[in-house]
Structures are given as structure tokens and as C-alpha cells.
Amino acid sequence: MPVKVVVGTQWGDEGKGKLTDSMAAQCDYVVRYQGGHNAGHTVVVGEESFALSLIPSGILSERATCVIGNGVVVEPGVLIKEMEALNARGVDTSRILVSGSAHLIMPYHLELDRVTERYLGKNALGTTKRGIGPAYADKANRIGLRVQDLLDEKIFRQKLDVALREKNAVLSKVYNRLPLSGDEIADRYLGEYASKIAPHIADTVEILQNAVAAGKEILLEGAQATFLDIDHGTYPFVTSSSPTAGGACIGSGIGPRQLGSIIGISKAYLTRVGAGPFPTELKDETGDRLIEIGHEFGTVTGRRRRAGWFDAVLVRHAARLNSLTEIALTKMDVLDSFETIKVCVAYRDGDKILDSVPYHQSVFHKVEPIYEEFQGWMTDISAARKLSDLPKEARVYVEFLKENLGVPITTIGVGPEREQFVQG
């Protein structure tokens, strides 16, 4: 099947953007199927670095049409700025299509996100305060505005008036904030934004289904990752949509039986942003080294990530949830200078040994990792292009992960640039 899915297997930041960019040269369509501008992808091309937040990583390929699917929530001002920035660097953004059924992030979503996190205090979820969660909540509550509403002023104003009656009441009476002006919002969205986005609005489900029927190469790209999934992640420290392979079908309009390869992206160690459980987290000098060497700061937010050793228990579970056909292991080069490298193979809960992720969050918060230790390779692997180029210790590490996870590791990232991959 010509439809491939790229999905993160950890807590995000695994390097999905780089892999998507490298695969996009052979793709006719690259589709972002969920999330918003709270998650970014960094792609390095030669001396240039591109930070993308809403636009699919395939935009740097001249062949691919880039689709923002119906499962995405779109902040129009951010999308326009991102397109303008790419245009200024000589990247053609006319190939971007936006689903008319994607939901809009509105100013009151951003305001509610900020005040809610502030109100929660020490119990805050660590959101990026970009209105993502409130926009998805309105979608579920069936009071959201969609991209297609930008094309109908009457419908837009009617929906906005309904939404603002509730939002302004909450903002003013609960959080003591000034109410937002419907006229100002309408002027900005219908005036400033609509004319710039209208040429890109399309029935993307019809386009993609026709492309599948024609045998076109399609790549579905998720933001975030499996354990930030609203259903299967470490709730409530999750995102508001489904980054898993199942979410790829919902957020793009491509059916499950039309999927072919499902490629899981796993970093050779582990990071996460914000609050939530993290059994292998390293709160010491080793963790600091991983963050420093791996440049572990958010593409969109700049926030410092938390770092720890690879958790094979998590990734085994992700492999099952997503029906992974293969794994791409990224950022192996970050481990070049570590004398000892560890992999979590099970958890300890008191006197119990757990070889799978416990369903109960209270248990998961307190488990201790059980490690296998490996000798580091202590050499630069960035020039490696085939498996035999890697030192023996690195090959042993990869082989162990492959056997423990039960999924072939077909690609190994050994540097930030496009061509820095080892084919396994």
C-alpha cells in the first residue's frame, strides 16, 4: 500500500520531522493529521535550519503537496506567518492545502488556556498555552468554528456570537478577565485572515481518497506521540487529540485498510516536556549531558525537556498500540560520549516485576526502572551510512533494542542533517 504513517512512540520530540522530510522526496502528499502549533519539527538542510509548527515537514520537498488535515486545529495567524516566512526563504507554499473541516483556534481559546493553567497552580498540566486544548474541547462540545466558516461571513458571525456568550461569561465571572470583542475577532478572521487562507482551503478527504485510488505515495505525519495520546497516553498529562496510527485515519479521512507501513520513531534515549510520570528520568549530570548534547529544547516553546534512558517497556506498548511495521531509531549520535548506556526492560513496583505499562496511573507514577547496561562506543558515528560502519558496541545496542521491542529497526539517525541516516 502506498500510504505510510510516521508516529512517535514516546513522549514526542523523537525526530519525526527529519524522517518525514527525508521521505517526502518520494511522496506525492504529506499530511499532518492532528495537533496544532504546540508541537514543532526542526529540519536541517545543509546550512539551513527550518522550524515548522503547523505546516507538514514535506514542504521542503518540491514534489509533495502538503495537507493540513481535518484532525488539526489551526491558528490562522500562525499559519499565515509560517507561510510568509517560508516564502521569504524561497520555499513554495502554494502546495499547501488546508481541510475545510479543520477547527480554528480562536482568541478566547488562548485566553482560557492561559488563565486555566495559572489557576491550577502547582497542579498545572504544563500546556504550551496556545489554545490547543480549549479548541479541541469546543470541537467535542460541537460549538467550534471550522476553517470553512471563514468562507461564509454569516455562519462565522452566528457561531462566534454563540461561543462568545459562554466564553465571555466564564472569562469575566470566573477569572475576572475583560470580555473579548466579537467585532474585533470577526474583523481579524474574516478580513485579515480569510483572504490569505481561502486559496488553500480544500476538500482534502476527497483529494486524498482520489490519490489513494490513483496509487499516489502518501505520508501521514503526526505531531506529539503515542504517550501523549488522549486515550492511551499518561492522562491527564497528554495532548487533546490522537497522535497514534488510529488517529491518522480519523484526522486525514484515509481508512484503516488503506494504510501500509506504520513507522514508529524512537529516540535512542528518552525525553518529555512538561509534567507527568517519567520512570527513567535522570535528574543528575547524566541527564544534563543528554539535554546539552541533544539540544533538548522545544522547537516551538524553547522549553527545556526532561531526559532519561530508553524505556523499552513504553516502546513495546507503543508497537502494539500502533501495529508498527518498523522503527526508525533517531539521535544515536547523542550517545557517542557515554561510557555506559542503559535500557529500561521492566519496572519494579514494590516486590512485583512488571514487564508492561501498568494501566493504573498511581502505579505508573511510582514504578522504578529495571535496567540492562551496555558498553558505550565512545566514538563519533555521524559519518556512518550502513550498519557495518557502526562500532560493535553500537550494533550490539541496536540489536538488543530490535529483539526486545519485537519490531525491525530499519533506520538509525546519526546526526541532524538529511543524509545522516544508517539503513539497518
Side-chain angles (χ1 to χ4, degrees), residues 3-7 16 20 27-39 52-59 64-76 78-80 82-83 93 95-106 109 130-152 155-156 159 163 189 193-194 197-213 216 218-224 228-231 239-259:
V3 181
K4 299 180 177 68
V5 183
V6 171
V7 60
K16 296 182 293 296
T20 301
C27 291
D28 301 293
Y29 292 87
V30 177
V31 186
R32 172 82 175 272
Y33 61 82
Q34 53 78 220
H37 64 296
N38 56 338
L52 306 170
S53 61
L54 263 177
I55 296 172
S57 304
I59 191 62
T65 295
C66 289
V67 176
I68 297 174
N70 55 276
V72 179
V73 287
V74 178
E75 213 282 38
V78 170
L79 176 59
I80 291 166
E82 195 167 337
M83 288 194 293
T93 61
R95 297 172 288 118
I96 295 172
L97 300 178
V98 183
S99 170
S101 296
H103 278 247
L104 294 169
I105 296 175
M106 305 297 291
H109 293 140
R130 282 165 165 75
I132 311 298
Y136 276 115
D138 277 3
K139 176 180 179 177
N141 285 330
R142 293 160 294 183
I143 58 169
L145 280 80
R146 299 193 290 177
V147 169
Q148 61 185 270
D149 297 329
L150 293 171
L151 305 177
D152 189 321
I155 291 293
F156 185 95
K159 288 188 173 183
Y189 277 65
Y193 296 158
I197 293 179
H200 301 276
I201 300 174
D203 181 352
T204 57
V205 172
E206 178 73 9
I207 290 169
L208 291 174
Q209 284 293 339
N210 288 339
V212 171
K216 300 292 186 180
I218 301 171
L219 183 62
L220 307 181
E221 169 195 35
Q224 292 99 25
L228 292 176
D229 186 278
I230 187 71
D231 287 290
T239 193
S240 302
S241 56
S242 296
T244 49
C249 296
I250 296 169
S252 66
I254 290 176
R257 292 176 61 191
Q258 295 173 315
L259 300 183

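- The shortest distance between side-chain heavy atoms of Ile105 and His37 falls below 4.5 Å.
- Using a 4.5 Å cut-off on side-chain heavy atoms (C-beta onward), Leu79 and Ile68 make contact.
- Partners of Ser240 by side chain to side chain donor-acceptor pair (under 3.5 Å), not counting sequence neighbours: none found.
- Formation of a donor-acceptor pair under 3.5 Å by the Arg32 side chain with backbone atoms of Ser53 is found in this model.
- Of all the heavy atoms in Ala202 and Leu97, the pair that sits closest is CB-CD2, 4.3 Å.
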*Audit row: Tyr189, Leu145, side-chain contact (heavy atoms from CB on, under 4.5 Å) steps and yes/no*: CA-CA 11 Å; Tyr189 277 65; Leu145 280 80; over 6 Å; no
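- In terms of heavy atoms, Thr20 sits closest to Gly58 at CG2-N, 4.3 Å.
- Across Gly69 and Ser99, no two heavy atoms sit closer than the pair C-CB, 3.6 Å.
- Nearest heavy-atom pair, Thr204 versus Val98, reported as atom, atom and distance to 0.1 Å: CG2-C, 3.9 Å.
- For Tyr136 (side chain) and Gly35 (main-chain N/O), a donor-acceptor pair under 3.5 Å exists by modelled atom type.
- A donor-acceptor distance shorter than 3.5 angstrom exists from the side chain of Glu221 to the backbone of Ser57, with no hydrogens or angles considered.
- A donor-acceptor pair under 3.5 Å is formed between the side chain of Gln209 and the backbone N or O of Gly253.
- With Gln34 as the partner, the side-chain hydrogen bond (donor to acceptor under 3.5 Å, both in side chains) test is satisfied by one option alone out of Ser241, Ser252, Ser242: Ser241.
- A donor and an acceptor atom, one from each side chain of His103 and Asp138, are nowhere located under 3.5 Å apart.
- In terms of heavy-atom proximity, Arg95 sits nearest to Ile59 at NH2-O, 2.9 Å.
- Side chain of His200 to main chain of Ile96: a donor-acceptor pair is present (N/O by atom type, distance under 3.5 Å, no hydrogens or angles).
- Between atom SG of residue Cys249 and atom CZ of residue Arg257 there is a gap of 12.5 Å, rounded to the nearest 0.5 Å.
- Ile218 is not listed as a side-chain neighbour of Asp28, based on a closest heavy-atom distance of 4.5 Å or more.
- A donor-acceptor distance shorter than 3.5 angstrom exists from the side chain of Lys16 to the backbone of Gln224, with no hydrogens or angles considered.
- Not a single side chain to side chain donor-acceptor pair (under 3.5 Å) links Asn70 to another residue, sequence neighbours left out.
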*For side-chain contact (heavy atoms from CB on, under 4.5 Å), just list the numbers for Leu104 and Phe156, CA-CA rounded to whole Å, side-chain angles, deciding distance to a tenth of an Å, and then say yes or no.*
CA-CA 11 Å; Leu104 294 169; Phe156 185 95; 4.2 Å; yes
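- Rounding to the nearest 0.5 Å places OH of Tyr193 at 6.5 Å from CD1 of Ile80.
- Partners of Asp229 by salt bridge (charged side-chain N to carboxylate O under 4.0 Å, His left out), not counting sequence neighbours: none found.
- The closest side-chain heavy-atom distance from Leu259 to Leu220 is below 4.5 Å.
- Smallest separation of non-hydrogen atoms from Tyr33 and Gly222: CE2-N, 3.2 Å.
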